[in-house]
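Convention: sequence-line order gives letters A, B, ...; per-chain numbering from 1.
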Amino acid sequence: MPADDLIAERRRKLDQLAVLGVPSHNVDFTPTETLDGARRLLARMEVDSSGASAADEAPDGPEVRVAGRVMQYRLQGKSCFVHVEDEGERMQVWLRLDRLGDDEFAVVRLLDLGDIIGVRGNLMRTRRGEPTVLASALTLLVKSLQPPPEKFHGLQDQETRYRKRYLHLLSSAAQRRHFAARTTVVRSLRRTLDNRGFMEAETPILQPIPGGGHALPFVTHWNALHADVYLRIAIELHLKRLLVGGYRRVYEIGRVFRNEGLSPRHNPEFTMLEAYEAYTDYHGMRELTESLIVDAANALGPQQIPEQDGGTFPCDDPLRRSFGGRELSLTPPFRCERMVDLVAQACDFNPVEAWDDLPERAHALGAPVPIGAGAGAALLAIYEHRVEPELWDPTFVLDYPAEVSPLARKRRDDQRFVERFELVVAGREVANAFSELNDPLDQRQRFEEQASLRAAGDDEAFPLDEDFLEAIEVGMPPAGGLGIGVDRLVMLLTDAATIRDVLLFPTMRPRHREEASAEDVNQSSPPSAEDSERP
RNA sequence: GCCCCUUUAGCUCAACGGCAGAGCAGCCGGCUUUUAACCGGUUGAUGGAGGUUCGAUUCCUCCAGGGGGCACCA
């Protein structure tokens, strides 16, 4: 039956309800118990009465009011069982003609899966032992006009799951728990930072010059100024300005936007945590990173972890987790290695000694090196090609080539490297941090190197940001800075295979060409500034 | 951007190139302790456009969406 017919059928029921004088949307119903609370109340009552009233001829238990969405509906003549669901809990409701009377039972006959109802009634157990509210009054709170997903198999279609997440969520308690876990992680990140005296800041998303990361920005248009502006690709440069302004510890958890394709690990908009602390360096950030991750894992609690024979066993240590069918240990302290040492172990040469040969060696190893790349970029390419995918348990990879780190402070003992680490877990980068460059002369020089890369065609090289340089010239305290891809961290901690499984509303292509062109029309004739003047 | 897979009823799934089936949901009828309730009846579909063929859900081409991989990317 076409969807339109199913909707028409439900609208027909609205008309019938109107004839009965029953509003389709009611607001004056206040539950006395959550479904879980009602269940516990029943259990408590049974304990208090020493089980004496558990017999099937038992009188009614305490009266409650509960509400929820109708997920199952079993009408049998003059009696009807429904399961309502709310906050991930389900509870059976028993609607009987002899309790409700003809008028309200007529409403029962017009119920559909997906409706939201409120029930006043008494707690009891049915013959099969199921906790049940035996209804003495029924209030239709919301009539649903759309057919819900299949009640047993749920919503299987990946595309619909992503595009209509509300359907996915309402048909799957497991999904709701999954996304609640994301909130638990984010809340834990904030708590860890707040406890350490960090101040949460909100900095601009619309920026005249996008900076702080290697990425292409989205461009948008500011009508009033007849000027293009960019959506931020990183938070970094504004948080550093706040250090100049005198805050000692600042952070932001917010959305950044990168003009890239989609993949299981990439969404064009994603959530970044960046934190900056004065008078410390990347070693301080290392300690902070470890705490953030350990705290988040502990906040999530234990998880089933995989066994060699393919099974799983429950483990009460939240730091022993499962990812992709393999055990992952987040037990601190995390391993800590210099990039050059890791490369030396994986290949049979010392990259520091072979410095000038690195582009050639990278090429020989099949590591993709950008054209015109120097030794530093080649070292990074070798590392990413040969080492990074093999790192499983958390590993801090220290001391990146200066060439690929234009915002990090150089090592005093070797100017070819900067004080920077990335934390790699399960072959993926989860965090990136460095001792922040606060020498304006060095910073200007690095920007100029980037500018020449830009001129050579690297459109992801950093643009020179004069306003930022001016801020650094005022004087930024020595500081450590940290960035964590929150979505990827959540993936790790919740064993999610794709970033879309940790984003409530992942970016999707417009479904039809018509949709896309409709947006084009809007963009080509935006409302003028005069038309949209605020009151 | 490239390669592979995929798209059948509102949902979940079938169908050697030969009349497109089922379960759930819906509709009609029955049923006052059901549990994916049950019983009888019933409505409803091949992503879009071409092509090959007597005949296309099936084979081919193109387009669109989705999934996976590569590349880009952190």
Side-chain angles (χ1 to χ4, degrees), chain A residues 1-10 12-13 56-57 70-83 90-100 105 108-109 112-114 124-132 134 144-164 167-168 171 212-216 233-234 256 258-268 270 272 368 370 380 384 388 400 404-405 422-424 427-432 458-460 483-485 487-488 497-501 506 508-516:
Chain A
M1 184 179 274
D4 288 348
D5 292 355
L6 294 169
I7 293 165
E9 194 57 51
R10 290 182 178 223
R12 194 176 62 81
K13 289 181 181 173
D56 48 16
E57 298 305 320
V70 176
M71 302 303 283
Q72 290 185 31
Y73 176 84
R74 296 182 289 275
L75 176 65
Q76 30 186 327
K78 299 185 178 65
S79 168
C80 182
F81 290 94
V82 304
H83 270 96
R90 283 194 187 198
M91 166 89 60
Q92 180 166 268
V93 172
W94 191 5
L95 301 151
R96 295 171 53 129
L97 176 62
D98 57 3
R99 287 246 169 180
L100 294 174
F105 203 76
V108 173
R109 293 186 206 278
D112 281 304
L113 295 181
M124 61 165 292
R125 251 176 227 281
T126 59
R127 196 171 291 167
R128 306 273 177 96
E130 170 124 9
T132 300
L134 177 58
S144 169
L145 295 179
Q146 295 272 352
E150 213 263 0
K151 67 180 176 186
F152 186 65
H153 298 91
L155 185 61
Q156 297 297 320
D157 184 69
Q158 282 287 26
E159 180 174 357
T160 311
R161 284 181 168 192
Y162 295 144
R163 288 188 190 277
K164 300 186 178 175
L167 291 180
H168 191 197
S171 63
H214 290 273
L216 290 175
I233 58 171
V256 299
R258 298 191 176 181
N259 210 331
E260 302 163 357
L262 300 165
S263 90
R265 284 174 295 283
H266 298 84
N267 198 70
F270 61 98
M272 181 88 101
L380 181 67
E384 287 180 346
E388 189 178 84
Y400 275 58
V404 296
S405 314
E422 288 195 355
L423 176 67
V424 178
R428 302 142 181 251
E429 301 136 22
V430 171
N432 179 19
D458 179 358
D459 42 10
E460 291 180 2
I484 292 181
D487 312 273
R488 291 184 179 179
T498 93
I499 197 167
R500 292 182 156 188
D501 289 337
M508 300 289 279
R509 293 173 202 243
R511 188 66 184 85
H512 298 295
R513 280 206 160 155
E514 289 76 20
E515 289 177 26

Look at all strands and tell whether [X] reaches a base, only sugar-phosphate, or nothing, counting heavy atoms closer than 4.0 Å.
X         : value
Glu130(A) : base
Asp157(A) : sugar-phosphate
Arg12(A)  : sugar-phosphate
Glu429(A) : base
Arg265(A) : nothing
Leu216(A) : nothing
Gly213(A) : nothing
Gln72(A)  : sugar-phosphate
Pro148(A) : nothing
Lys13(A)  : sugar-phosphate
Thr498(A) : sugar-phosphate

Taking atom NZ of Lys13(A) as the centre, does the number of heavy atoms from other residues, nucleotides or ligands within less than 6.0 Å exceed 12? yes
So does Arg509(A) get a side-chain nitrogen or oxygen closer than 4.0 Å to the phosphate oxygens (OP1/OP2) of A64(B)? no
Between U33(B) and Arg128(A), is there an OP1 or OP2 to side-chain N/O distance shorter than 4.0 Å? no
Got a donor-acceptor pair under 3.5 Å from the side chain of [X] to the base of [N]?
X         : N      : result
Thr126(A) : U34(B) : yes
Arg96(A)  : U32(B) : yes
Arg127(A) : U33(B) : no

Euclidean distance, atom CG of residue Leu145(A) to atom C1' of G10(B) [Å, nearest integer]: 14 Å
Separation of Lys151(A) atom NZ from C13(B) atom P, in whole Å? 17 Å
Can you check the distance between [N] and [M], where both ends of the measurement are the [atom1] atom (answer in whole Å)?
N      : M      : atom1 : value
U34(B) : G18(B) : C1'   : 45 Å
A25(B) : C11(B) : P     : 15 Å
C60(B) : A56(B) : C1'   : 11 Å

What's the shortest heavy-atom distance between Lys151(A) and Met71(A), and which atoms? CB-O, 4.2 Å
Do side-chain atoms of Glu150(A) reach the backbone of His153(A) as a donor and acceptor pair under 3.5 angstrom? yes
Are the side chain of Ser171(A) and the backbone N or O of His168(A) linked by a donor-acceptor pair below 3.5 Å? yes
Looking at residues at least two apart in the chain, or sitting in another chain, which of them share a side chain to side chain donor-acceptor pair (under 3.5 Å) with Arg428(A)? none
Just to verify, what does Phe81(A) make a ring pair (Phe, Tyr, Trp, His ring centres under 6.0 Å) with, not counting sequence neighbours? Trp94(A)
Tell me which of Phe270(A) and Leu155(A) sits closer to the 5' end of RNA chain B, going by the nucleotide each one is nearest to. Leu155(A)
Given that Arg258(A) and Pro264(A) both sit by RNA chain B, which one's nearest nucleotide is further toward the 5' end? Pro264(A)
pair_partner(A56(B)), Watson-Crick or wobble, both distances < 3.5 Å, evaluates to none
Atom pairs under 3.5 Å: protein N/O with N/O of nucleotides 1-4 of chain B:
none

